[in-house]
There are 2 protein chains.
Amino acid sequence: MKRKITLKDIARELEVSISTVSKALKNSEEIGRDTKEKVQAFAKLYNYRPNNIALSLKNKRTKNIGVVIPDIVHYFFTTVFRGIEKLANQKGYNVIVCVSDESFDKEVINTELLANGSIDGFVMSLSAGTQRKMDFHHLLEITEQGIPLVLFDRVDDQVSCDKVILNDREIAYQAVKKFLANGRKNIALVTTESYFNVSEKRAEGYEEALLEEQISVRPELRLTLPYRDVNDNEIRKFFSASKIDAVLCVNEIFAVQCMAVVQKMGRKIPDDIAFIGFTDGILSKYSNPTLTTVAQHGERMGEIAAEMLIERIEIDEEKPFRTVIVEGTIIERGSTVN
Amino acid sequence: MKRKITLKDIARELEVSISTVSKALKNSEEIGRDTKEKVQAFAKLYNYRPNNIALSLKNKRTKNIGVVIPDIVHYFFTTVFRGIEKLANQKGYNVIVCVSDESFDKEVINTELLANGSIDGFVMSLSAGTQRKMDFHHLLEITEQGIPLVLFDRVDDQVSCDKVILNDREIAYQAVKKFLANGRKNIALVTTESYFNVSEKRAEGYEEALLEEQISVRPELRLTLPYRDVNDNEIRKFFSASKIDAVLCVNEIFAVQCMAVVQKMGRKIPDDIAFIGFTDGILSKYSNPTLTTVAQHGERMGEIAAEMLIERIEIDEEKPFRTVIVEGTIIERGSTVN
DNA sequence: TATCAACACGAAACCGTTTGCGTAACACTT
DNA sequence: AAGTGTTACGCAAACGGTTTCGTGTTGATA
């Protein structure tokens, strides 16, 4: 087992000083031709690589970025992560991931741990717990320490930092408009608990589109489902209670699950009832019928977030915080048209 | 903006030496009661936390583990990752993720980068490129340097290290046995290019089950699909060419896609033709019909891998390498039974 | 021959911690 | 008064690098 070789080892072996070795390897003008060649040859032979940790300590830069997300087994977050990782790698950064598991406490612990020198900046999306609690002290601490932070998707106005979000309200508005243009008037909304910022934004767009057509927003057309372990019976009851000919769902799982239920109830999609979901994931493409859905362009969001972060880290202009709005795209499939 | 406070800052402020501060914070017996209290109070007030990088350098332990996987927008890998992250966190480790994107070169670059001190050990699954090239020099380098390595799922015999794999051959065998017990005899296999180790293992199990019943393995019942961008026409041609009443697919996407095609061809599932896939992901649960599939227990695999790794790191017994075999579970759903 | 610049290299500080060891100050013993 | 033992702290090395500055040795110049 040959341990990693260090500058000191090379210096000892070649009977020169450590600083000479260091400079020789950087091709410094200070060092003579012969010595440089000797050192470089030796280093190559023994496959010398500088120790990242030592460099980090010296430079006060780790070349790591921390990503804290609520979940990883989740299509949207993985696509964003892919974007982050891709761009970070291009710029020579590595990515440390922590999963908050939708828990406020874990989010706090993870961020504080990483903030102690492990990373140069954060990309985060808030956990459900944090959004419910509305407690952002850990994020304020981070920014106060001068650690750059970029929030994406699940953001909050109380935290001032760079942000990347979807035009949730606008694209939900467009989706409902599409239903309306199709002659559908009894449009339901299937959503999550209201402390999810994005769900609220989507609900606003939904309502705006309705009101614009003089259609009143009826509370009985709004179904609020738990984040996990959705019960089919609840869905069935909802769809039995009212006449509904179109449904906007805030994610693809809700949409696919609702489609399955109404199909079992004998309704035809899209003739009797149409669906539009959010997240253009694997489910939307392979469901039956295929699902018309809002592509959130997660990978682009990730790239943008990483780019903004690295810019802050490396340029560190004290320029004002920006919020980049990524425009969703409605992908038309079988749940709205034949 | 209040920068992170260091031992030196505390020492200067309190007019004691750095070592006194360090010892006081560790409650060392060497330090007097008064001084300890003073230092501890000050540290708490200013929220002192030791710098991770400095600790890493000193201890020669980063408390980071590196995870290199082929893809992240992929159900199985994300579940494994979740298991790794969960266990690592419990043990006080952070996780640095690199995505090889199925490329040999990226895998090499990423591992070499991380191996220069950034991590204490690796958990990896081989990229397609690496399996095709059969070049493992980067892994040998890692292990030669004494960096612990655990491979999961996509492993290779040429690399000697700890491993976690599924009983692929055995569970494929069982799946086919299930078809046979059901009276089905024309059983097809839909698989990937053969350089994927796991696909080969599954094919072996498939063949073994057939041969055991005196059924010959017919090459025209084997469909090899590309890893990405599968064309429906090819699938249609395959299913038109032969009489097929059961299909074993090496992943859930192939299965769902094939199901959609044969349904369009007018075949009834599971009456005319039954399907079993691999990976109990979101698709299997929401497809139409729902898919009978092999649960790979990715999260458990991840936990086991992380546990093995951390054991090597912390205990570092030179004990022989182990291969843990996780047993898959066939989850019965609508694609095999009504 | 004294001066000086250029060259090639080494010493040392620094990044933030930990820790073995040395020691000043004091009390206590004989 | 000399010796001994604690106590409570500081010094310095070490982890593996980078970088500033100092310096001995040349050879050229005046």
Side-chain angles (χ1 to χ4, degrees), chain A residues 3-40 42-43 46-64 113-120 145-147, chain B residues 3-40 42-43 46-64 113-120 145-147:
Chain A
R3 271 247 153 276
K4 271 259 165 224
I5 194 175
T6 69
L7 286 187
K8 195 196 283 192
D9 298 326
I10 302 182
R12 189 182 346 96
E13 217 61 34
L14 262 38
E15 297 183 302
V16 292
S17 77
I18 294 179
S19 32
T20 300
V21 177
S22 175
K23 289 170 189 165
L25 290 175
K26 302 190 103 71
N27 239 317
S28 159
E29 291 307 321
E30 261 182 283
I31 305 298
R33 218 161 145 349
D34 298 356
T35 312
K36 271 203 277 196
E37 281 175 5
K38 195 173 57 173
V39 170
Q40 287 172 6
F42 191 92
Y46 285 92
N47 195 28
Y48 169 79
R49 298 269 178 272
N51 179 303
N52 290 335
I53 300 296
L55 287 181
S56 296
L57 185 58
K58 182 97 244 272
N59 302 334
K60 297 175 143 273
R61 301 273 250 64
T62 62
K63 284 282 192 172
N64 286 151
L113 209 73
L114 292 182
N116 294 324
S118 297
I119 50 93
D120 296 337
Q145 281 175 35
I147 303 178
Chain B
R3 270 250 153 272
K4 269 262 164 220
I5 194 175
T6 69
L7 287 186
K8 194 195 281 193
D9 299 326
I10 302 183
R12 188 183 345 96
E13 217 62 32
L14 263 37
E15 297 184 305
V16 291
S17 77
I18 294 179
S19 35
T20 300
V21 177
S22 175
K23 289 170 187 167
L25 290 174
K26 302 191 103 70
N27 241 317
S28 160
E29 292 305 323
E30 260 182 285
I31 305 298
R33 220 162 144 351
D34 298 356
T35 313
K36 274 203 277 196
E37 281 174 5
K38 194 174 57 173
V39 171
Q40 288 171 7
F42 191 91
Y46 285 93
N47 195 29
Y48 169 79
R49 296 272 177 269
N51 179 300
N52 290 334
I53 299 296
L55 287 181
S56 296
L57 185 58
K58 184 102 245 282
N59 302 332
K60 297 177 140 272
R61 302 273 250 66
T62 61
K63 284 280 191 175
N64 286 152
L113 209 73
L114 292 182
N116 295 322
S118 297
I119 50 92
D120 296 338
Q145 280 175 35
I147 303 178

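These numbers come from a predicted model, not from an experiment. Quick note on labels: first sequence line is chain A, next is B, and so on, each numbered from 1.
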Item to check | Verdict with supporting geometry, A:Ile147 and A:Ile119, side-chain contact (heavy atoms from CB on, under 4.5 Å) | outcome: CA-CA 9 Å; A:Ile147 303 178; A:Ile119 50 93; 4.1 Å; yes
Next on the checklist: Between B:Lys63 (side chain only) and B:Ser56 (backbone N and O only), is there a donor and an acceptor less than 3.5 Å apart?
Outcome noted: no
Next on the checklist: For A:Glu13, give me all partners under salt bridge (charged side-chain N to carboxylate O under 4.0 Å, His left out), at least two apart in sequence or on another chain.
Outcome noted: none
Checklist entry - Quick one: A:Lys8 NZ to C:dG10 P, roughly how many Å, whole number? => result 16 Å
Next on the checklist: For DNA chain C, which residues of residues 48-60 of chain A approach it to below 4.0 angstrom with any heavy atom?
Outcome noted: A:Leu57, A:Lys58, A:Lys60
Checklist entry - Got a second to check how far B:Asn64's CG is from B:Leu114's CG, nearest 0.5 Å? => result 9.0 Å
Checklist outcome for this item: In numerical order, the residues of residues 24-40 of chain A whose heavy atoms come under 4.0 Å of DNA chain C are A:Glu30, A:Ile31, A:Gly32, A:Thr35
Next on the checklist: Please evaluate residues A:Ile18 and A:Val21 with respect to the criterion side-chain contact (heavy atoms from CB on, under 4.5 Å), reporting the C-alpha separation (whole Å), side-chain torsions for both, the decisive distance (0.1 Å), and the verdict.
Outcome noted: CA-CA 5 Å; A:Ile18 294 179; A:Val21 177; 5.6 Å; no
Checklist entry - Roughly, in whole Å, what's the span from NZ in A:Lys63 to C1' in D:dG17? => result 17 Å
Next on the checklist: With each end axis built from five pairs of C1' atoms, what bend angle do you get for the helix from C:dT1-D:dA30 to C:dT30-D:dA1? Round to 10°.
Outcome noted: 90°
Item to check | Any residue meeting ring-ring contact (aromatic ring centres under 6.0 Å, His included) with A:Tyr48, in chain and number order, not counting sequence neighbours | outcome: none
Next on the checklist: Just verifying a value: how many Å separate B:Thr6 OG1 and B:Arg12 CZ, rounded to the nearest 0.5 Å?
Outcome noted: 7.0 Å
Checklist entry - How long is the line joining CG of B:Leu7 and P of C:dC14, in whole Å? => result 16 Å
Checklist outcome for this item: A:Lys23 atom NZ is separated from C:dC9 atom C1', nearest whole Å, by 7 Å
Item to check | Verdict with supporting geometry, A:Lys23 and A:Val39, side-chain contact (heavy atoms from CB on, under 4.5 Å) | outcome: CA-CA 10 Å; A:Lys23 289 170 189 165; A:Val39 170; over 6 Å; no
Item to check | Donor/acceptor link under 3.5 angstrom from B:Ser19 side chain onto base of D:dC11 | outcome: yes
Checklist entry - Over how many whole Å does the gap from A:Asp9 atom CG to D:dG17 atom C1' extend? => result 13 Å
Item to check | Phosphate-side-chain proximity, A:Thr6 and D:dG16, N/O vs OP1/OP2 below 4.0 Å | outcome: no
Next on the checklist: Given 3.5 Å as the limit, does a donor-acceptor pair link the side chain of A:Asp120 with the main chain of A:Thr62, or not?
Outcome noted: yes
Checklist entry - Are any of A:Thr20's side-chain N or O atoms less than 4.0 Å away from OP1 or OP2 of C:dC9? => result no
Next on the checklist: Can you see if the side chain of B:Lys4 gets near the phosphate of C:dG16 - specifically, an N or O under 4.0 Å from OP1 or OP2?
Outcome noted: no
Checklist outcome for this item: Hits for side chain to side chain contact (heavy atoms under 4.5 Å, CB included) against A:Leu55, two or more places apart or cross-chain, chain-then-number order -> A:Pro50, A:Asn59
Item to check | Side-chain donor or acceptor of A:Lys4 paired with backbone N/O of A:Arg49 under 3.5 Å | outcome: no
Next on the checklist: Is the phosphate of D:dG17 approached by A:Ser22 (side-chain N or O, under 4.0 Å from OP1 or OP2)?
Outcome noted: no
Next on the checklist: Between C1' on D:dG17 and CD1 on A:Ile10, what's the gap in Å once rounded to a whole number?
Outcome noted: 12 Å
